[in-house]
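Below is one structure; the comments refer to it alone.
Numbers here simply count residues along the sequence, with the first being 1. Counting starts at 1 for both ligands and their atoms, in listed order.
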Amino acid sequence: MAGNGPLYMGFDLSTQQLKGIVVDSNLKLIHEAKVDFDADLKKYGIEKGVLTNPAEGEVFAPPAMWLEAVDLVLDRLKEAGLEFGRVQGISGAGMQHGTVFWSRDAENLLASLDAGKSLVEQLEPGSKGERRGAFAHPMSPNWQDASTQKQCDAFDAELGDPETLAKVTGSKAHHRFSGPQILRYRTKYPTHYEETARISLVSSFLASVFLGRVAPIDIGDVTGMNLWEISKGRWHDQLLALTSGGKEGVEELKKKLGDVPEDGGAAFGKVSEYFVKRYGFAKDCNIIPFTGDNPSTILALPLRPSDSMVSLGTSTTFLMSTPEYLPDPAYHFMNHPTTPGLYMFMLCYKNGGLAREQIRDELNKTSDSPDPNNTWETFNKTALSTPPLSQSTSSKEEEQMRLGLYFPRPEIVPNLPAGQWRYTYAPQTHTLTPTPSAFIPSDARNILESQFLSLRLRSHNLVKPVQDPTTGTHLPPQPRRVYLVGGGSANPAIAKICGEVLGSVEGIYKLDIGGNACALGAAYKAVWGCERRDGGETFEELIGKRWDEGAFVKRIAEGYSEGVFERYGEAVEGFEKLERLALEEVREGKK
Ligand SMILES: Nc1ncnc2c1ncn2[C@@H]1O[C@H](COP(=O)(O)OP(=O)(O)O)[C@@H](O)[C@H]1O
Ligand SMILES: O=C(CO)[C@@H](O)[C@H](O)COP(=O)(O)O
């Protein structure tokens with residue numbers, strides 16, 4: 001590799017993969033590598049990166065597998081020619097909300113790793129229990145877990161109602177949030193809780209491995225726990241008391257969680273000796289706070305308050321960076337990972353990539369010989385040849401709109417169990433009519449419309465009326481730009497339908513630097529943490545100066561289209577009704 005300037009690493013430990021990327025000071029991508037859990041580490045018995053216990057709605061994954069992935073991804077970067085000695089800073093991201101329970105031996109084990117052995121060999125207990133390991137429990141609850149309804153009810157009730165909890169912590173109680181998860185862990189496994197010396201989030205778990213001691217939780221990611229009082233910037237004692245079983249447990253739980261530094265860019269310390277000896281990292285390589293995967297994703301570009309990002313990974317998330325704090329039980333507000341005074345607005349859906357894949361697979365069954373190298377071909381052709389809302393005649397006012405909900409897993413918003421709902425909606429009479437609830441090819445378009453209508457419904461408070469830059473005419477509220485990231489952003493049909501439903505004055509964009517937005521955001525955070533000027537150059541200032549718009553992003557689809565956008569505006573009303581109807585059906589036990 002030519003050059004000898006400093007390099008920066010960013011990791012993304014997500015549901016299905018660990019990705020590692022390397023950039024230089026100018027944000028140019030130099031190397032990338034990944035470990036795919038299903039392909040590389042199937043021996044852990046996982047599917048799509050996780051283990052499940054459907055009887056209790058549990059979804060979880062073994063941190064031991066992630067340890068093995070760390071060594072593997074570094075080996076792959078070595079094979080790719082990375083000069084580890086040039087790496088000045090490492091940061092990373094972890095899927096949000098998941099907790100890792102460290103044992104009392106963890107600190108010692110992390111601090112005394114032997115570079116001749118693998119991480120997993122040294123931190124996992126032996127299968128016959130011949131060694132004490134670094135974990136008080138072998139599993140980490142995954143963000144898809146739905147086992148904590150009882151604990152969520154207790155969290156919402158503790159402060160009076162979901163609205164108050166959302167105002168105080170940024171979100172109402174959610175199954176996957178760490179507070180309800182830790183409460184369930186303490187009551188289900190009291191001995192394990194007792195033996196838990198420290199609790200990390202997935203992000204701070206990964207930081208701990210690189211640091212060689214348990215790392216603090218990050219200021220952005222801490223707001224995905226239902227335990228942090230955003231306006232005061234501190235743990236919420238009453239919620240900690242609920243989680244730990246009473247006031248007397250609060251101090252103990254605070255010790256387990258640790259202090260949270262305010263500055264998302266200040267190094268925790270230098271990289272652990274293990275990585276210096278085993279891979280050749282420089283001794284003075286800095287560990288910059290690791291944050292959640294979504295906060296990290298908004299760091300992949302200089303996002304303006306009127307822009308939005310849609311992350312099409314296993315989950316679908318809709319992200320905006322905003323100075324306004326407008327909490328509501330329907331969505332999440334989180335601390336911005338780098339910039340005090342800014343917040344991250346987020347919507348998150350469990351039924352993202354896997355739900356789309358299910359319809360794709362149904363369609364491929366009907367096709368004679370689906371192309372194994374392009375499994376999305378039939379899905380895309382069908383989605384694009386189906387008219388918007390499946391309205392086929394020119395007399396659109398008269399015609400019913402096809403609407404549906406596709407949830408192979410229990411959903412977050414709305415809080416519905418797994419199921420499918422297929423209806424038609426008459427906008428002139430505001431009525432919904434059920435249709436046979438079985439797969440039909442136009443589901444390909446309908447599932448995409450459904451996913452984007454949900455985003456449009458829930459983000460309307462955040463988007464503002466805009467002016468068309470070429471004609472100066474006033475346009476209805478919509479994002480200025482939508483940036484697509486994550487696996488699904490490679491799909492042109494998804495991009496086109498996204499633009500039709502969500503609008504966006506300037507169109508639909510995608511990062512064009514290779515890599516992965518979340519890991520890139522982490523690497524940029526490492527650049528900022530190590531190279532910001534004394535006196536506090538903000539992340540936006542530093543990255544803004546080095547950002548090469550022409551080279552880094554690509555316009556991939558049209559945004560606002562007059563007529564179509566307004567038509568989807570009517571569909572949003574039907575869609576909201578459909579969600580209410582589905583919730584009622586479930587409440588009444590009809591579904
Ligand atoms: N061409 C494509 N069209 C639609 N979806 C795709 C395409 N390529 C990958 N995906 C989806 O991307 C998802 C993985 O995205 P990724 O961002 O890597 O996920 P995660 O970070 O959650 O592990 C898979 O569920 C897959 O369905
Ligand atoms: O739960 C959330 C956000 O609240 C998810 O977005 C997770 O953070 C996992 O994301 P991916 O594995 O899909 O990247």
### Task
Note the single closest protein heavy atom to atom 2 (C) of ligand 2, along with its residue, its atom name and the distance in Å.
Cys348 SG, 3.4 Å

### Query
Backbone, side chain, both or neither: what part of Glu357 comes under 4.0 angstrom of ligand 1, heavy atoms only?
side chain

### Lys19, portion touching ligand 1 at heavy-atom distance under 4.0 Å
side chain

Any idea which atoms of ligand 1 are less than 4.0 Å away from a heavy-atom of [X]?
X: Gly486; value: 17 (O)
X: Thr314; value: 19 (O), 20 (P), 22 (O), 23 (O)
X: Asn491; value: 3 (N), 4 (C)
X: Gln17; value: 18 (O)

[X] contact mode with ligand 2 (heavy-atom cut-off under 4.0 Å):
X: Ser315; result: both
X: Thr15; result: both
X: Asp293; result: side chain
X: His332; result: neither

Just checking, is any N or O donor in the side chain of [X] or [Y] under 3.5 Å from an acceptor N or O on the other one?
X: Thr243; Y: Arg186; result: no
X: Ser147; Y: Arg184; result: yes
X: Trp102; Y: Ser200; result: yes

### Query
Taking the minimum heavy-atom distance to atom 4 (O) of ligand 2, which of Gln96, His97, His174, His175 ranks first?
His97

### Message
For atom 12 (O) of ligand 1, tell me which residue out of Gly313, Gly487, Ala93, Gly353 has the closest non-hydrogen atom.
### Response
Gly487

### Query
Any sub-3.5 Å donor-acceptor pair from Asn446's side-chain atoms to Ser442's backbone N or O?
no

